[in-house]
Amino acid sequence: MTDILDAGLLLSWYDTHKRILPWRETSDPYRIWLSEVMLQQTQVATVIPYYERFTHAFPDPTSLADADDDLVLKMWEGLGYYNRCHNLIKAMRKVRDEHRGWVPDTPEVFSDLPGVGPYTCAAVQSIAFGHRIAAVDGNVNRVVTRVFALDGVVTTAPVKRAIQEAVDQAIPEDRSGDFNQAMMELGATVCTPRRPGCTHCPLRGICKARDLGKQEAFPVQGAKKKVPLYPVALAVVVDGGKILVQKRPSSGHLAGMWEFPGGRILSEESQVMALRRCLLEELGIVPEVGDMVGSVTHAYSHFKVQLHLYLATIKEGSVTPKKGQPFNWISPDELATLAFPTANRKLFPLLMDALNKVGAP
DNA sequence: GACGCGTGGGG
DNA sequence: TCCCCAAGCGT
């Protein structure tokens with residue numbers, strides 16, 4: 001590799017063009033860490049309100065470590081990738097119990113914490129403590145593959161090595177944190193996936209992709225597989241003005257979130273049949289299935305669901321979850337106090353309409 | 001190394 | 001409407 005990323009150029013561009021962001025107004029390692037976790041696979045505009053609420057409710061690692069898991073998850077509700085939240089809680093408890101409440105200031109110790117991978121370690125340790133470690137995220141991948149016209153699939157080992165080498169060489173002794181942020185800021189605001197602003201890019205003079213007129217051809221992505229669509233039947237089981245909600249297992253998909261009971265509709269099975277089967281299997285109850293509340297579709301990262309929600313009452317049996325999952329009878333008002341996945345939340349307004357109709361004279 | 005893991009915005 | 005993508009990590 002003949003050319004090298006010019007750190008001076010990037011830093012002076014950053015000084016002039018960086019956005020004002022809440023986590024850039026602090027030097028608190030905890031807040032910088034919190035922002036980096038929230039920003040994983042998540043856009044700045046989405047993160048800002050969550051960051052503000054978290055820092056207000058939990059101003060330091062110990063206050064987050066001492067908080068109730070369900071409250072923290074409720075505050076994370078809607079941000080997605082909920083294992084980030086669970087790992088964050090675990091990490092803060094380790095900080096409280098093993099590091100006297102202080103965020104570790106060495107990469108070796110810090111990277112041992114749950115949810116801290118290579119990127120987050122490099123970002124926090126460089127920005128908060130000045131360690132000279134290059135952070136490679138999606139933005140950096142895009143900038144570097146364009147500057148050097150790296151035409152292999154970006155997720156393959158040789159390309160990853162080349163990217164790492166390029167930033168390792170370029171990162172300066174001074175202002176390593178600002179260098180990392182400059183690379184990401186450039187990727188986020190100028191060297192964008194589509195229609196990059198090459199004419200006002202500080203690297204326009206050395207960018208090979210621009211020379212070739214093929215900026216948008218980089219990075220080369222691997223083949224994506226298309227996601228399946230699963231039909232799902234759910235029930236609002238009503239009893240004496242209360243409705244039944246169930247807590248998901250503490251690991252896996254949507255860990256620890258609350259939801260309406262139900263499950264996948266098998267082929268050859270009607271929605272109502274599926275609902276009867278699932279409620280018997282999961283909860284040991286035979287329902288009387290009533291009116292449909294409504295349907296919504298929702299796309300997760302790796303599949304889509306079509307949710308069909310029905311009103312129901314218990315005809316036989318009492319609720320005894322097969323896997324010992326916690327459940328709760330709540331008033332409709334209390335739905336807002338529990339952490340629900342967005343797919344379930346889409347059903348809330350439909351449910352309120354349905355309950356008003358049933359309850360009205 | 002591949003896959004599981006959310007959500008909202010933009011084209 | 002649908003596809004792509006965004007400051008990744010754990011298994």
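First the proteins, then the strands, lettered A, B, ... as listed; each starts at 1. Values below: all heavy atoms of this structure, side chains included; hydrogens, waters and symmetry mates excluded.
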Please give, in whole Å, the distance from [N] [atom2] to [X] [atom1]?
| X | N | atom1 | atom2 | answer |
| --- | --- | --- | --- | --- |
| A/F110 | C/dC9 | CZ | P | 10 Å |
| A/Q41 | C/dC4 | CD | P | 15 Å |
| A/R345 | B/dG8 | CZ | P | 10 Å |
| A/I163 | C/dG8 | CD1 | C1' | 14 Å |
| A/R248 | B/dG4 | CZ | C1' | 13 Å |
| A/M38 | B/dG8 | CE | P | 15 Å |
| A/R84 | C/dC9 | CZ | P | 11 Å |
| A/Y82 | C/dG8 | OH | C1' | 17 Å |

Checklist outcome for this item: Between A/M257 and A/T156, the residue closer to the 5' end of DNA chain B by nearest nucleotide is A/T156

Counting any heavy atom closer than 4.0 Å, what does [X] reach on the DNA or RNA strands: base, sugar-phosphate only, or nothing?
| X | answer |
| --- | --- |
| A/L21 | base |
| A/L254 | sugar-phosphate |
| A/A299 | base |
| A/W76 | nothing |
| A/S35 | nothing |
| A/V116 | sugar-phosphate |
| A/K225 | sugar-phosphate |
| A/R24 | base |

Are OP1 or OP2 of [N] and a side-chain N or O of [X] less than 4.0 angstrom apart?
| X | N | result |
| --- | --- | --- |
| A/H253 | B/dG6 | yes |
| A/Y81 | C/dG10 | no |
| A/H302 | B/dG4 | no |
| A/T42 | C/dA6 | no |
| A/K226 | C/dC2 | no |
| A/R142 | C/dA6 | yes |
| A/Q40 | C/dG8 | no |

Is it true that [X] and [Y] have a side-chain N and a carboxylate O under 4.0 angstrom from each other?
| X | Y | value |
| --- | --- | --- |
| A/R161 | A/E165 | no |
| A/R93 | A/D69 | yes |
| A/E259 | A/R248 | yes |
| A/K322 | A/E281 | no |
| A/R175 | A/D15 | yes |

Checklist entry - Considering only the P atoms, how many Å lie between C/dC9 and B/dG8, rounded to the nearest integer? => result 22 Å

Checklist entry - With distance as the sole criterion, do the side chain of A/T46 and the base of B/dG9 form a donor-acceptor contact below 3.5 Å? => result no

Checklist entry - Does any N or O donor sit under 3.5 Å from an N or O acceptor when you compare the side chain of A/Y119 with the base of C/dG8? => result no

Checklist entry - Sequence neighbours excluded, which residues qualify as ring-ring contact (aromatic ring centres under 6.0 Å, His included) partners of A/F179? => result none

Nearest-neighbour nucleotide for the [X] side chain, [options] considered:
| X | options | answer |
| --- | --- | --- |
| A/F303 | B/dG8, C/dG8, B/dC5 | B/dC5 |
| A/D137 | C/dG8, C/dC9, B/dG1 | C/dG8 |
| A/S301 | B/dC5, B/dG1, C/dC3 | B/dC5 |
| A/Q43 | C/dC9, C/dA6, B/dG6 | C/dA6 |

Next on the checklist: I need the residues from residues 172-194 of chain A with at least one non-hydrogen atom less than 4.0 Å from DNA chain C; give them sorted by number, or say none.
Outcome noted: A/M184, A/A188, A/P193, A/R194

Checklist entry - Would you call the rings of A/F303 and A/Y300 parallel, tilted or perpendicular, where under 30° means parallel and over 60° means perpendicular? => result tilted

May I ask you to check whether [Y] and [X] place their ring centres under 6.0 Å from each other?
| X | Y | result |
| --- | --- | --- |
| A/F348 | A/F340 | yes |
| A/W76 | A/Y50 | no |
| A/Y310 | A/H308 | no |

